[in-house]
Amino acid sequence: MEFSKSIINDIKDIILTSRENAIRAVDRQRTLMYWHIGKRIFEKEQQGKDRADYGTPLQNSSLTNWYLNMELGFSKDKLNYIASFIEHFQLRIQCIRN
């Protein structure tokens, strides 16, 4: 079966658009995942305070670190980065509201 050049270009555009949409969907989900992780840490560890107490249990627990690193591919540094993301975002929201 022979396809015309316009049909081939249409198929190519459909494939490329679908790939781009899939990448955007994955990026959106990853951002939401980081948001929810950071929010959970903020709520649990900081309990509404501006800063968490030094040596918080979640960040220093060897079992937590092992599980997040081995089972999910999250390092302690990545977890701290995600937690700081929500902290900075919360501060910006407070500034905007005031």
Side-chain angles (χ1 to χ4, degrees):
M1 177 184 328
E2 187 76 23
F3 289 116
S4 70
K5 194 167 191 160
S6 68
I7 291 176
I8 292 172
N9 285 334
D10 287 345
I11 293 170
K12 179 182 172 185
D13 288 342
I14 291 168
I15 292 169
L16 292 175
T17 300
S18 295
R19 285 179 182 168
E20 289 173 10
N21 289 341
I23 290 168
R24 278 192 214 102
V26 169
D27 287 344
R28 181 180 182 277
Q29 288 302 314
R30 183 179 294 134
T31 301
L32 287 172
M33 176 186 66
Y34 289 160
W35 171 261
H36 289 292
I37 291 170
K39 185 176 183 212
R40 183 69 177 109
I41 293 169
F42 185 79
E43 290 170 350
K44 174 67 177 165
E45 303 270 326
Q46 297 184 349
Q47 299 173 353
K49 297 182 282 185
D50 289 338
R51 301 185 73 104
D53 296 332
Y54 181 77
T56 56
L58 179 63
Q59 294 177 8
N60 287 329
S61 166
S62 58
L63 180 59
T64 300
N65 289 331
W66 176 85
Y67 180 77
L68 290 171
N69 196 13
M70 298 303 290
E71 296 290 323
L72 301 174
F74 276 75
S75 67
K76 184 178 176 182
D77 290 338
K78 189 169 196 170
L79 188 63
N80 287 332
Y81 177 76
I82 293 169
S84 69
F85 168 78
I86 194 78
E87 179 183 348
H88 292 291
F89 192 83
Q90 293 286 1
L91 291 174
R92 288 180 183 252
I93 289 174
Q94 290 173 0
C95 290
I96 291 170
R97 287 182 182 163
N98 294 333

Considering residues at least two apart in sequence or located in another chain, which fulfil the salt bridge (Lys or Arg N to Asp or Glu O under 4.0 Å) criterion with [X]?
X: D13; value: none
X: R24; value: E20
X: R19; value: none

Residue set satisfying side chain to side chain contact (heavy atoms under 4.5 Å, CB included) with I14, at least two apart, ordered chain then number -> S18

Contacts of S4 meeting side chain to side chain contact (heavy atoms under 4.5 Å, CB included) (sequence neighbours excluded), chain-then-number -> S6, I7

Rounded to the nearest 0.5 Å, the CG atom of N21 sits from the CG atom of L16 at a distance of 11.0 Å

CZ (R40) and NE2 (H36) are apart, to the nearest 0.5 Å, by 12.5 Å

Quick note, salt bridge (Lys or Arg N to Asp or Glu O under 4.0 Å) partners involving residues 25-38, not counting sequence neighbours, are D27-R30

Quick check on the hydrophobic clustering: are I11 and I8 connected, directly or via other members, by side-chain heavy-atom contacts under 4.5 Å? yes

